[in-house]
Number of protein chains: 2
Amino acid sequence: MNDKTAPDESAAQVTGGETSPPTLKTIAFMTGLGVTTVSRALKDAPEIGAATRQRVQLVARQIGYRPNRAGVRLRTGKTNVISLVLNTEEQIGGFVSDLIYGISEALAPTPYHLVVTPYSRTNDPLEPVRYVIETASADGVIISHIEPDDPRVRYMTEHGMPFATHGRTHMGIEHPFHDFDNRAYAREAVQKLAALGRKRLALLAPPSNLSYYTHMRDGFADALMEHGLSEVPFPTATVDHSIEDIRKLAAELLLRPNRPDGFVSGAGAGTFALVAGVEDAGFKLGQDVDIVSKQTSKLLHLLRPQLYVVNEDVRLAGAELARAVLGRIAGRDLASLQSLSQPSAVEAYEG
Amino acid sequence: MNDKTAPDESAAQVTGGETSPPTLKTIAFMTGLGVTTVSRALKDAPEIGAATRQRVQLVARQIGYRPNRAGVRLRTGKTNVISLVLNTEEQIGGFVSDLIYGISEALAPTPYHLVVTPYSRTNDPLEPVRYVIETASADGVIISHIEPDDPRVRYMTEHGMPFATHGRTHMGIEHPFHDFDNRAYAREAVQKLAALGRKRLALLAPPSNLSYYTHMRDGFADALMEHGLSEVPFPTATVDHSIEDIRKLAAELLLRPNRPDGFVSGAGAGTFALVAGVEDAGFKLGQDVDIVSKQTSKLLHLLRPQLYVVNEDVRLAGAELARAVLGRIAGRDLASLQSLSQPSAVEAYEG
DNA sequence: GGCAAGAACTGTAACGTTGCAGCTCGATCC
DNA sequence: GGATCGAGCTGCAACGTTACAGTTCTTGCC
């Protein structure tokens, strides 16, 4: 009956010898069915009888069948790959580690693999995204360092590539994202400093081209107004500057006549530099100056217990981003794929 | 002449319309050659005429031909993937980020993609390796957290899977690796403390099941002997313990009668905890106690300028590991695929 | 009894690539 | 002049999968 499938080396699967991984053909041979039937049965197609379906699935499970990724990919174009696009000149810190852990844990129970696609600042940030799309090497993409009008978002939208962004855009394109509410963070931070009696605050802001620069700035400005505080401009420094730069700039700022008595810091590593700068200038933390900082790892209170911290859970962000791209690929409703994580309350050291 | 290849939709490539990526067929049609010839010509096969070869390669370059990964993989089994196996319960810090940057930069000029394969401590560490081998989902593997007798190394060797390890084994199997010379580091660290007049040293060691535990311990012990110093056992703490644990244990240690006056620390994050513990116990860094620590990011001197540090370049390690697996895949000589990175000199703070 | 309908299954072809076994044709040899 | 050779090219088949277009066979209807 099975003139075609029977007499080839699939029989070897059963009779022993070299064990190459089972394929549909193996199962077809074992069950006496056609390859097509097996394929359909494994995907719960309705036109396959319930008994057959169960039988095939049982055999498949028993022999540890796993669809061949290359076969599926060649036939259907589905790669089962999510590409994480990373800037390899990322600032210091465990940020990226946690993001990757979060993503890969979320992908673990799915058939998706995580591929890291790097680019360096010298390259066009669009380059890796173009590569993924041109070579169709992933079903979905995750990007970070989002700008309000982000060319990558435009490009992927135009080319129908599902993606999720770690940060929000403001360009009239709706898309999946996850973001930390930096506006709320800045407000909380200012409120804390106000409660401590601080009057003249400076902001160690993100790079001004990124979306969350605006969010953080807005929250900062709003809260200043609300509490009747004034801002000491700290314009040239951003969390992306080198440690040495931030340190020097902070020290200089504190030696000016109208020195700040409080800082809001947008990133943990920047805070290390900020503290050093404050102390270089001869001021004492918790006495002359207070600092509220975000952190992604829990080291700041070991640096100086006088710091006030808000924790940002990047691992969670990774998991949310993974869920968001997968949801997009599955065609789920956009609203459920956009999430904003609220800052925890400002924490003082409790030793 | 070309009854088979000519009249299909490959023509559409040239005439415009929907642009699906070019394949061998496209080039075959454009050059008037057979698909096989084009394939051979692109790999510089000797049986293709020099003129034809150049012509084909020119056309391929012009239209931006890229081999279809799924096609190649299905046909040859070659995945062009390197899998990085990671423990998602990794200690804090940018360690993994840097490793990934190093690897992906080294892979960038090659056709290889980097896939991150996670596992958590609760799982069998062999599981991800088995997965990669059973599904043949990578051409090479990179693993870290190496044990002297590592089951993953044995497994991959037995199954002929190329790999490189971040750390050395001692099990009679030669394989590619990159390692930081933790023995030399510990010796340098002890020497520094001896020069500072310290007499009773404690070691914040790696987890005792890992290879570099032994290396660091040996270097530590050798140098103690050499300089006539004594060890204060600090047995329960390892760099993998939580920050709170290390902190508490360090404080306790310092309140014992025979307290240490110097520490050698095996990891940056551990040093944060160590410093806190020392200060909890009421001792002063640089006065009552000195600490020499490894670090992978440059934050320790901002934590306390009194610390002595040795830098470990993890990005370099990543690049070396990538080179090592690729070399193994290419069948290169083992000796050239094993590298040991020497610690930089101990650095004091220069503010 | 003949026929239509549908349930359950099937083979073929194709995705893009490469190993293999050819084929053609001009040059060389005896 | 016919056989031989090799350079240069070719089509076929296969890797594992799935869309598509059937093919059987049972069942129910008139």
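Salt-bridge annotation for E320(B) and R323(B): present, with a side-chain N of the basic residue lying under 4.0 Å from a carboxylate O of the acidic one. Residues R152(A) and E147(A) are not paired through a salt bridge, judged by the lack of any N-O separation under 4.0 Å between the basic side chain and the carboxylate.
Partners of R328(A) by salt bridge (charged side-chain N to carboxylate O under 4.0 Å, His left out), not counting sequence neighbours: none found.
Residue L74(A) places its side chain closer to dG16(D) than to any other of dT18(C), dT18(D), dG16(D). Of the candidate nucleotides dC9(C), dT17(D), dC15(D), dT17(D) has the atom nearest to the side chain of P67(A). If you check dT17(C), dT18(D), dT10(C) against the side chain of L33(A), the one that comes closest is dT10(C).
Atom CD1 in I48(B) sits roughly 10 Å away from atom C1' in dT10(D) (whole-Å rounding). Computed from coordinates, the Q54(B) CD to dG8(D) C1' distance equals 16 Å when rounded to whole Å. Between N68(A) atom CG and dC15(C) atom P there is a gap of 18 Å when expressed in whole angstrom units. Residue D44(B) contributes atom CG, which lies 14 Å from atom P of dG8(D) at whole-angstrom precision. The distance from atom NZ of K43(A) to atom P of dC20(D) is 14 Å, rounded to the nearest whole Å. Rounded to an integer number of Å, the gap from Y65(B) OH to dT18(C) P is 6 Å. In this structure, CZ of R40(A) is placed 13 Å from C1' of dA7(C), rounded to the nearest angstrom. Rounding to whole angstrom units, CD of residue E47(A) and P of dA8(C) are separated by 10 Å.
Applying the 4.0 Å criterion to OP1 and OP2 of dG16(D), one finds that K25(A) has every side-chain N and O outside that range. Of the side-chain N and O atoms in T36(B), none sit less than 4.0 angstrom from OP1 or OP2 of dT18(C). In this model, the phosphate group of dC9(D) is approached by a side-chain N or O of T52(B) to a distance below 4.0 Å at OP1 or OP2. Between T37(A) and the phosphate of dT10(C), there is a side-chain N or O to OP1/OP2 separation shorter than 4.0 Å.
Checking R75(B) against A50(B), the closest nucleotide of DNA chain D that is more toward the 5' end is the one next to A50(B).
Within the nucleic acid shown, L24(A) comes within 4.0 Å of at least one base atom, counting heavy atoms only. Using a 4.0 Å heavy-atom criterion, one finds that T76(B) contacts the sugar-phosphate atoms exclusively.
Remark: the H113(A) side chain and the S137(B) side chain contain no N/O donor-acceptor pair separated by less than 3.5 Å.
Applying the side-chain hydrogen bond (donor to acceptor under 3.5 Å, both in side chains) test to residues at least two apart or on different chains, the pairs with a partner in residues 39-50 of chain A are R40(A)-E47(A), D44(A)-Q57(A).
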